[in-house]
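Per chain, numbering begins at 1; letters A, B, ... match sequence-line order.
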Amino acid sequence: MNFDFEETPTTDLFADLTAPQQQAVRHVNGPLLILAGPGSGKTRVITHRIANLLCQGIPGSSIIALTFTNKAADEMRRRVHQLAGEQQVWMGTFHSFCARLLRRYASLVGLEPNYSIYDTDDSRRVLKQALANTKASTDHVTPGGIASAISWAKNGLCGPDDFVPRQYSATGAVAAQVYPEYQRLLREANAVDFDDLLLAIAQLLRENAELRAEWDDRYRYVLVDEYQDTNLAQYAIVRGLSIDHPNLAVTGDPDQSIYGWRGANLSNILEFERDFPDTTIVRLEQNFRSTPNILRAADQLIACNVRRKAKRLYTDRAEGPPVRLVVYPTGRDEADGIAARVAEEIRLGNRGANDFAVFYRINALSRTLEHAFRSAGVPYQVVKGLEFYQRREIKDVLAYLQLVNNPRDNFALLRIINVPPRGLGKVTVGRLVAYAQQQRLSLLEAARHSGMIPTIPARTANKVAALVAAVDRMAVHVPSGVCETLIAVLEQSGYRRWLETSESEEDEERLANIEELLTAAEEFDHEHPEPDQAVEHFLEQSSLVADTDAWEEQAERVTLMTLHAAKGLEFPVVHIIAAEQRLLPHERSMEDPDKLEEERRLLFVGMTRACEELQISLAQYRTFRGDRRPTIPSSFLMELPRQEMAYSEPGEEPDAGVDFSFDVEDFGSETAPPPVWTDAEFFQESPDDYQSSRFASGRSAKRSPGGAPTCRFPPSAFFPGMAVSHPQYGSGMIVAVGGSGNKRRARVQFFDDHQERSFLLVHSPLVPEGMEELLE
DNA sequence: ATGCGCCAAGTTTTT
DNA sequence: CTTGGCGCAT
């Protein structure tokens with residue numbers, strides 16, 4: 001509103017900002033790199049800067065702000081609105097921006113404007129079909145591996161013909177073979193996958209100079225949030241929009257880059273200054289979020305990374321309670337312990353449920369937590385990556401909508417051709433597909449001709465014809481908006497009746513979900529008064545929203561989410577669970593140093609979400625994939641400032657000076673009690689000592705005379721049941737441990753010679769299985 | 001063609 | 001422990 005706008009004096013935009021923040025907000029022309037540490041008021045700076053640009057008389061329509069998540073875009077929009085009123089500024093995700101642009105230029109890349117957007121699940125089906133069509137050998141490769149190879153290629157701007165597989169890579173070879181067919185199938189169905197959205201626009205901007213100049217001119221001020229997470233395609237897009245008018249402002253933090261697996265290229269931010277000459281660099285290093293205790297721990301951890309821009313984090317805040325490290329006997333104890341602690345704080349009235357968050361590396365770890373919180377009667381919400389829009393019934397119904405919007409969408413038709421069941425099975429589908437291929441028709445067109453397909457019996461052809469007629473009846477409603485079309489889909493497809501007549505409770509829930517979808521559709525219609533493109537835009541939105549976006553900030557509930565989902569958020573109290581080898585550095589990221597650094601950044605992101613209290617925990621035994629295994633403490637724990645942290649076992653006061661020792665009787669007993677680490681044991685070496693002893697004593701550690709530890713792992717890292725290897729005796733398994741501290745011993749059964757041997761752990765060259773590579 | 005049941009596999013993170 | 005894919009029996 002104009003009124004608001006004028007009531008907000010320019011000076012207010014700079015009030016309560018630090019000097020560096022003001023500098024960034026004031027910056028108008030030329031490239032700007034804002035290196036923003038966690039909690040440094042980055043969003044504030046971006047929104048104030050947009051408001052400032054508007055104050056300078058720059059039209060909102062020439063400003064574009066690109067984010068990675070809808071959540072970030074919504075937040076930005078809300079805050080800019082607050083500062084400067086309703087604006088024409090485009091604020092949205094890269095994908096939604098590209099989707100919109102691609103509608104306009106669809107024909108330039110062989111698409112029609114009503115193209116479908118396939119999510120990962122849909123893309124999988126296409127890939128499966130492509131694999132079948134090319135008869136590629138699937139030995140030694142997984143569909144997932146091929147999918148990510150293709151995705152990787154697209155993010156690196158490699159089209160199907162430029163793809164050069166890595167040598168000696170089975171997956172690469174198959175991907176090279178399948179990629180063109182995969183792409184052909186997508187185009188045939190007038191569909192794109194997520195990566196295509198970026199790829200297509202990047203290529204357009206690169207190859208079509210006129211078009212590039214037009215959009216560069218249109219968006220003279222470009223802002224990119226989380227720049228450290230951009231991949232090559234996104235980089236090309238940003239670059240293309242910033243050549244004639246290089247008023248590009250990016251914010252990011254190399255230490256918070258956690259999407260390398262998705263093709264994010266850390267070089268984009270590390271080399272921004274080289275790419276854009278005369279860049280102004282602003283460093284936001286003051287942290288307004290966390291206590292110094294938390295900050296020091298996070299800072300010391302991240303200092304272990306090599307690929308980074310050194311950065312000093314500081315805060316004016318007062319010291320808080322020490323960061324806690326807690327060891328629980330099992331994963332269940334861990335969950336129960338946290339839930340109990342949270343429940344107690346709430347009961348005492350110290351905190352509300354929404355003050356707490358629990359982070360974990362993988363979604364699978366949420367189950368135990370959910371169970372614990374439910375038993376403890378603590379309200380919680382799980383922020384899952386895939387929820388609503390991935391549900392079968394939602395995807396089914398949306399597939400009808402997709403088919404109606406894009407009649408060439410073969411995969412949508414394949415999905416719903418027999419849902420609800422209408423007697424059209426594999427055989428009929430096969431005949432339709434064959435006919436469509438032979439006649440070069442879309443599947444729906446082929447279905448229209450079902451009566452003329454000799455291989456299809458008349459009775460079946462009638463069923464097919466009925467389906468086609470139903471789809472046609474749905475299509476009639478498209479101009480009237482999403483809600484009406486959706487209702488037509490539910491009626492004409494028989495989907496609603498199918499669920500209604502079902503006895504199962506599951507189907508009842510599905511019906512409820514569909515009602516929810518209808519509500520969303522209604523809302524959408526309400527917000528988008530022009531009904532002609534409503535269905536298309538609704539589909540676009542539903543495929544580009546993640547459920548992370550549905551997280552309710554204000555709800556009185558504990559938040560449970562993955563470390564990835566936590567980025568950009570903050571909570572008074574944060575718990576990070578399962579700080580264990582193979583889980584927190586995830587097992588698939590342990591060998592590659594770059595990936596290991598990314599895991600470290602992930603933990604860094606998690607830690608820096610905490611404002612007042614931070615607890616990192618692990619379990620000695622964890623049940624995973626059905627079986628219970630002893631764990632190895634995360635190597636990252638060795639990189640924290642252990643001397644100033646509070647270490648405790650559940651039930652113990654922090655730093656209570658616990659001293660557990662094992663009886664020798666425990667040796668050899670099958671049911672040995674879980675191993676226990678004392679503070680002293682666990683934190684035996686400072687990081688520097690740890691590193692130097694690691695690298696000084698090579699693979700076959702020699703016994704040093706003075707009694708200094710030569711083992712490269714703390715004695716407490718070894719448990720009964722753990723697989724270990726020995727440079728001389730090969731691999732074996734620990735059958736028992738005893739003693740504590742430097743006297744802790746392990747008895748190992750070796751597989752090679754079937755002998756049992758006993759070791760004084762501090763001096764042993766024993767290495768936990770799978771950790772050998774870590775030692776170089 | 002449908003539905004059931006078994007076996008197998010595969011599990012990071014998300015637009 | 002889950003999901004999904006496949007094969008068999010009806």
Side-chain angles (χ1 to χ4, degrees), chain A residues 66-73 92-99 117-125 128 138 142-145 147-148 151 154-155 192-199 226 229-231 233-234 257-264 331 359-368 371 383-387 389-390 392 417-431 457 459-460 463 540-549 561-568 578 582-590 595 598-599 601-603 605-606 622-628:
Chain A
L66 295 167
T67 64
F68 279 81
T69 64
N70 296 293
K71 193 170 64 189
T93 63
F94 270 99
H95 286 86
S96 62
F97 170 66
C98 291
I117 300 172
Y118 284 179
D119 67 15
T120 317
D121 186 56
D122 305 326
S123 306
R124 268 293 168 84
R125 292 161 190 261
K128 245 185 95 183
T138 51
T142 63
S148 69
S151 173
K154 287 184 175 182
N155 289 330
V192 299
D193 62 20
F194 285 142
D195 302 316
D196 282 334
L197 291 170
L198 303 178
L199 176 66
E226 309 282 13
D229 286 330
T230 48
N231 59 36
Q234 287 158 332
S257 163
I258 53 176
Y259 287 105
W261 52 275
R262 225 166 88 185
F359 303 151
Y360 33 84
R361 178 63 177 84
I362 58 172
N363 273 315
L365 291 171
S366 75
R367 279 186 177 279
T368 328
H371 179 79
V383 181
K384 273 213 205 86
L386 36 102
E387 258 305 79
Y389 286 101
Q390 301 274 40
R392 174 152 354 114
I417 193 163
N418 202 29
V419 183
R422 43 175 78 90
L424 302 173
K426 223 161 54 181
V427 176
T428 307
V429 170
R431 288 169 180 164
R459 283 180 62 125
T460 313
K463 293 180 193 160
E540 181 179 304
Q541 185 192 283
S542 8
S543 47
L544 295 178
V545 295
D547 290 291
T548 324
D549 305 333
M561 54 168 58
T562 63
L563 286 162
H564 280 90
K567 192 162 74 164
R582 295 171 173 267
L583 225 39
L584 193 32
H586 189 269
E587 58 183 335
R588 284 168 68 166
S589 303
M590 288 187 8
K595 287 184 179 170
E598 183 154 313
E599 297 285 311
R601 291 194 290 268
L602 200 47
L603 178 55
V605 166
R622 188 168 299 277
T623 306
F624 193 56
R625 282 184 189 172
D627 57 16
R628 180 184 156 100

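Within the 3.5 Å criterion, the main-chain N or O of Gly260(A) finds a donor-acceptor partner in the side chain of Glu598(A). A donor-acceptor pair under 3.5 Å links the side-chain atoms of Asn418(A) to the main chain of Leu424(A), judged by distance alone.
The interatomic distance linking Glu599(A) (CD) with dT13(B) (C1') rounds to 9 Å, in whole Å. Atom CD in Glu226(A) sits about 14 Å away from atom P in dT14(B), given to the nearest Å. For the pair Glu598(A) CD and dT13(B) C1', the interatomic distance rounds to 9 Å; values are reported in whole Å. Rounded to an integer number of Å, the gap from Tyr259(A) OH to dT15(B) C1' is 9 Å. For Asn363(A) and dT13(B), the CG to P distance is 5 Å, given to the nearest whole Å. Counting to the nearest Å, the C1' atom of dT13(B) and the CZ atom of Phe359(A) are 14 Å from each other. In this structure, the CG atom of Leu66(A) is 16 Å from the P atom of dT15(B), given to the nearest Å. dT13(B) atom P lies 12 Å from atom CD1 of Ile258(A), rounded to whole Å.
For Cys98(A) against Leu197(A), the heavy-atom pair with the smallest separation is CB-O, 3.4 Å.
Residue ring and base: Trp261(A) counts as stacked with dT13(B) (centre distance below 5.5 Å, interplanar angle below 30°).
Residue contacts for Phe94(A): at a heavy-atom cut-off of 4.0 Å it reaches no nucleic acid atom on any strand shown.
Annotation: side chain to side chain contact (heavy atoms under 4.5 Å, CB included) contacts of Arg628(A) (sequence neighbours excluded): Thr330(A), Tyr621(A), Thr623(A). Considering only residues two or more places apart in sequence or on other chains, Glu540(A) meets the salt bridge (charged side-chain N to carboxylate O under 4.0 Å, His left out) condition with Arg100(A), Arg103(A). Shown here are the side chain to side chain contact (heavy atoms under 4.5 Å, CB included) partners of Thr93(A), two or more places apart in sequence or in another chain: Thr67(A), Asn70(A), His95(A), Ser96(A). When the salt bridge (charged side-chain N to carboxylate O under 4.0 Å, His left out) test is applied to Arg622(A), the partners found at least two apart in sequence or on another chain are Glu334(A), Glu580(A). Listed by chain and residue number, Asp396(A), Arg415(A), Arg510(A) satisfy the side chain to side chain contact (heavy atoms under 4.5 Å, CB included) test with Arg392(A) (two or more places apart in sequence, or in another chain). Applying the side chain to side chain donor-acceptor pair (under 3.5 Å) criterion to Thr368(A), with sequence neighbours excluded, gives no partner residue. With sequence neighbours left out, Asp119(A) forms a salt bridge (charged side-chain N to carboxylate O under 4.0 Å, His left out) with Lys395(A).
Looking at which nucleotide of DNA chain B each of Ser589(A) and Lys463(A) is closest to, the 5′-most match is held by Lys463(A).
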Protein and nucleotides 2-11 of chain B: nitrogen or oxygen contacts under 3.5 angstrom:
from: dT2(B); atom 1: OP1; to: Gly423(A); atom 2: N; distance (Å): 2.6
from: dT2(B); atom 1: OP2; to: Asn418(A); atom 2: ND2; distance (Å): 3.0
from: dT11(B); atom 1: O4; to: Arg625(A); atom 2: NE; distance (Å): 3.2

With the criterion being N/O to N/O and under 3.5 Å, what pairs connect the protein with nucleotides 2-10 of chain C, and how long is each?
none

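In this structure, Thr428(A) reaches the dA1(B) phosphate: one of its side-chain N or O atoms is under 4.0 Å from OP1 or OP2. Remark: Thr562(A) is in phosphate contact with dT14(B), judged by side-chain N or O atoms under 4.0 Å from OP1 or OP2.
With hydrogens and angles left out, the side chain of Thr120(A) and the base of dT15(B) share a donor-acceptor pair within 3.5 Å.
Among the nucleotides dT15(B), dT13(B), dA1(B), the one closest to any side-chain atom of Val427(A) is dA1(B).
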